[in-house]
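Data first, discussion second: the structure below is written as structure tokens.
All residue numbers refer to positions in the sequence shown, counting from 1.
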Amino acid sequence: MTGTTLVALHYDGGIILGTDRRSTMGSFVANRFAPKTRYISDKIAVIGAGSAADNLVLSRIVKNYMGMYSVELDGKPRVRASAHVYSGICYNNKNSLSSSLIVGGYDDVE
């Protein structure tokens, strides 16, 4: 049996995001050290299961959006804003993406 394990925990001091590291092709383990955690900013990360290519492209797109967001608003990107961008992109491409994501992080607003 194969599959990806994603865990997100919230506690008084912050959050913990965790994943396994194995990438599979059917029942064959293709890579034992595949990165499944992508960093959008220094305080925002996303963990993903499903297509590694979809997850990589999505994280690059959202990181670009959040870079423009922080320049426009002259501040750090917010976790809610990055989750909203992910949500919009995933919903608009729901028939072609094979990706399950958890966005987590810390900002001063919420």
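Neither L9 nor L6 shares a network with the other; the hydrophobic side chains, linked directly or stepwise wherever heavy atoms of I, L, V, M, F, W or Y lie under 4.5 Å apart, form separate groups for each. Taken together through direct or relayed side-chain contacts under 4.5 Å among Ile, Leu, Val, Met, Phe, Trp and Tyr, I44 and V109 form parts of separate hydrophobic clusters. Linking ILVMFWY residues whenever their side-chain heavy atoms come closer than 4.5 Å, directly or via other members, leaves F33 and L56 in distinct clusters. In this structure, V62 is a member of the same hydrophobic cluster as V57, with clusters built from ILVMFWY side-chain heavy atoms closer than 4.5 Å. Hydrophobic clustering (ILVMFWY, side-chain heavy atoms < 4.5 Å, transitive): V103 and I16 are in distinct clusters.
The minimum heavy-atom distance between R78 and M66, with the atom names listed, is O-SD, 4.4 Å. Here the closest heavy-atom approach between residue T4 and residue G48 is recorded as CG2-O, 4.2 Å. Contact detail for R21 and P35: the closest heavy-atom pair is NH1-CA, 4.0 Å.
Taken to the nearest 0.5 Å, the OH atom of Y106 stands 11.5 Å off from the CD1 atom of I15. Remark: S99 OG to I89 CD1 distance equals 11.0 Å, nearest 0.5 Å. Taking CD1 from I47 and CZ from R38, the interatomic distance works out to 12.5 Å, rounded to the nearest 0.5 Å.
Between L101 and N55, the closest side-chain pair of non-hydrogen atoms falls below 4.5 Å. You'll find the side chain of I40 reaches within 4.5 Å of the side chain of Y86, heavy atoms only.
Applying the side chain to side chain donor-acceptor pair (under 3.5 Å) definition to pairs two or more places apart or across chains, those involving residues 7-20 are D20-K36. Applying the side chain to side chain donor-acceptor pair (under 3.5 Å) test to residues at least two apart or on different chains, the pairs with a partner in residues 60-76 are D42-K76.
Formation of a donor-acceptor pair under 3.5 Å by the S87 side chain with backbone atoms of A83 is not found in this model. Judged purely by atom type and a 3.5 angstrom limit, D54 has no side-chain atom pairing as donor or acceptor with the backbone of L97.
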